[in-house]
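First up is the structure itself, then whatever we jot down about it.
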Amino acid sequence: MALLEVKGVCKTFGKLVALDAVNLTVENQQFHGLIGPNGSGKSTLLKSIAGAERPEEGTLSFLGEDISTTPPAIRARRGMSLKFQITSVFNLLSVYDNILLSLQAAHSLLSLAGSRSRQKLHTQVLDTLSEFGIEARADDLAGNLSHGEQQWLEIAMALAPGPRLLLLDEPTAGMSPEERRVTGELLRPIKERCSMLIVEHDLDFIKDLSDVITVFDQGQVLDNGTPEQIENSERVKEVYLTRV
């Protein structure tokens with residue numbers, strides 16, 4: 001059974017067709033890349049999977065259950081996590097507290113009431129910060145981190161609750177080449193516990209990280225295959241040479 005199945009999904013905004021009968025599958029412990037020209041529907045697909053957008057047609061299945069009309073919060077509780085392109089950390093809170101909040105969000109208010117959740121989650125917070133190389137910044141305000149560090153913090157926040165599927169929308173946007181390299185190194189080990197669907201424009205980054213790549217063009221799936229197959233696809237070359 002696939003972790004995520006997208007079948008015949010359609011989404012429009014007025015006369016604009018953002019997604020046109022899209023089919024896509026993400027397997028367990030798989031890194032699946034999404035590439036394509038600006039406006040081709042990649043981010044809309046991520047938002048539709050997470051529940052931020054509601055497709056007019058098609059079905060979305062996660063862990064074998066139809067989630068097409070399931071609210072975003074319930075999708076998250078079932079094991080789905082989304083990091084948007086624009087960084088949205090809590091700038092006025094410490095790096096430590098950003099991770100703590102992401103962990104507490106996975107618990108009910110009843111379970112948190114009267115509990116010492118900060119103490120109970122302390123080790124997990126530190127382990128998460130260490131995994132992403134920002135443990136030395138734990139007491140700093142998140143707003144004082146560099147752009148790359150803020151991106152790593154937000155990815156860490158998305159991973160902290162232990163999702164089965166991580167959705168990333170251009171996580172290396174605005175990063176230096178060195179920061180992009182480090183981001184790839186930080187993401188690779190998570191495959192042991194989490195699948196990932198990632199939108200990226202950096203072809204070298206996505207090729208080196210992904211098991212499977214799906215190429216979008218004008219709201220449709222243009223091609224799908226291994227990084228080697230996509231790299232040698234004449235249809236993909238035509239799109240990237242003329243429209244990206």
Side-chain angles (χ1 to χ4, degrees), residues 3-4 26-35 42-43 46 49-50 76 79-91 93-103 105-106 121-214 226-227:
L3 181 67
L4 173 74
V26 178
E27 303 290 346
N28 282 295
Q29 293 184 305
Q30 181 185 77
F31 281 3
H32 194 129
L34 295 180
I35 64 174
K42 307 180 299 297
S43 294
L46 283 193
I49 293 170
M80 191 179 292
S81 189
L82 170 65
K83 181 205 173 301
F84 288 109
Q85 179 180 352
I86 299 174
T87 308
S88 57
V89 299
F90 299 100
N91 288 329
L93 294 179
S94 71
V95 171
Y96 182 103
D97 283 342
N98 270 264
I99 298 295
L100 179 64
L101 282 175
S102 69
L103 289 169
L121 297 172
H122 178 70
T123 299
Q124 193 172 349
V125 171
L126 294 183
D127 288 345
T128 301
L129 292 174
S130 177
E131 183 178 14
F132 281 82
I134 50 177
E135 66 274 20
R137 307 298 302 271
D139 295 327
D140 295 341
L141 293 181
N144 291 336
L145 298 180
S146 68
H147 173 72
E149 289 172 328
Q150 286 191 0
Q151 294 281 48
W152 297 333
L153 173 58
E154 191 169 9
I155 296 172
M157 291 168 64
L159 281 170
R164 294 287 301 276
L165 175 64
L166 176 64
L167 308 171
L168 293 181
D169 192 359
E170 297 191 40
T172 67
M175 285 187 179
S176 67
E178 175 61 14
E179 287 174 329
R180 289 197 293 271
R181 183 192 66 78
V182 172
T183 301
E185 292 183 353
L186 292 172
L187 288 173
R188 284 187 184 91
I190 74 170
K191 188 186 292 187
E192 298 177 2
R193 65 181 191 272
C194 178
S195 296
M196 182 170 66
L197 184 60
I198 177 172
V199 169
E200 257 298 337
H201 281 292
D202 186 329
L203 295 185
D204 289 332
F205 178 87
I206 203 79
K207 180 182 67 175
D208 291 342
L209 192 64
S210 300
D211 302 302
V212 176
I213 295 176
T214 296
T226 66

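- The existence of a salt bridge linking K191 and D211 is confirmed by a sub-4.0 Å separation between a basic side-chain nitrogen and an acidic carboxylate oxygen.
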| query | Does the pair Q150 and N91 meet the rule for a side chain to side chain contact (heavy atoms under 4.5 Å, CB included), with working shown? | reply | CA-CA 9 Å; Q150 286 191 0; N91 288 329; 3.9 Å; yes
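- Here the CD1 atom belonging to I134 is positioned 5.0 Å from the CG atom belonging to L129, to the nearest 0.5 angstrom.
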| request: May I have the step-by-step check of side chain to side chain contact (heavy atoms under 4.5 Å, CB included) for E179 and T172, ending in yes or no? | output: CA-CA 8 Å; E179 287 174 329; T172 67; over 6 Å; no
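- Applying the side chain to side chain contact (heavy atoms under 4.5 Å, CB included) criterion to S81, with sequence neighbours excluded, gives A158, P163, L166.
- T214 and H32 are linked by a side-chain donor-acceptor pair at a separation below 3.5 angstrom, with hydrogens and angles left out of the test.
- Applying the side chain to side chain contact (heavy atoms under 4.5 Å, CB included) test to V199 and every residue at least two apart in sequence or in another chain returns L34, K42, L46, D169, E170.
- Minimum interatomic distance between F205 and R180 (heavy atoms only, all atoms of both residues): CE1-O, 3.4 Å.
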| field | Full working for side chain to side chain contact (heavy atoms under 4.5 Å, CB included) between L187 and L168 | value | CA-CA 11 Å; L187 288 173; L168 293 181; 4.1 Å; yes
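- The heavy-atom pair separating L101 from L93 by the smallest distance is CD1-CD1, 3.4 Å.
- Among residues two or more places apart in sequence or in another chain, the side-chain hydrogen bond (donor to acceptor under 3.5 Å, both in side chains) test is passed with D140 by R137.
- Residues Q151 and H147 are in side-chain contact: their nearest non-hydrogen atoms beyond the backbone lie under 4.5 Å apart.
- Heavy-atom minimum distance, Q29 versus S195: N-OG, 2.7 Å.
- Taking CD1 of I155 as the reference point, atom CD1 of I198 lies at 7.5 Å (rounded to 0.5 Å).
- Listed here is the closest heavy atom pair of P161 and M157: CD-O, 3.3 Å.
- Legend: residues meeting side-chain hydrogen bond (donor to acceptor under 3.5 Å, both in side chains) with E131, ordered by chain and number and at least two apart, are R193.
- The structure places CZ of F31 at 9.0 Å from CZ of R188, a figure rounded to the nearest 0.5 Å.
- Across every non-hydrogen atom of A138 and S94, the tightest pair is O-CB, 3.6 Å.
- To the nearest 0.5 Å, the span separating CG on L103 from CG on N98 amounts to 11.0 Å.
- Counting only distance, with no hydrogens or angles, the side chain of Q124 and the backbone of L121 share no donor-acceptor pair below 3.5 Å.
- Looking only at side-chain heavy atoms (C-beta outward), L209 and E200 stay at 4.5 Å or farther from each other.
- Between atom NZ of residue K83 and atom CG of residue L153 there is a gap of 10.0 Å, rounded to the nearest 0.5 Å.
- The CG atom of L145 sits 11.5 Å away from atom CD of E154, with the distance rounded to the nearest 0.5 Å.
- Shown here are the side chain to side chain contact (heavy atoms under 4.5 Å, CB included) partners of A156, two or more places apart in sequence or in another chain: I99, T128, F132.
- A distance-only check finds no donor-acceptor pair linking the side chain of R181 to the backbone of P177 [under 3.5 Å].
- Put simply, the side chain of V26 does not reach to within 4.5 Å of the side chain of R164, judged on heavy atoms.
- In this view, E192 satisfies the side-chain hydrogen bond (donor to acceptor under 3.5 Å, both in side chains) rule with no residue, not counting sequence neighbours.
- Across all their heavy atoms, I49 and M80 have their closest contact at O-SD, 3.2 Å.
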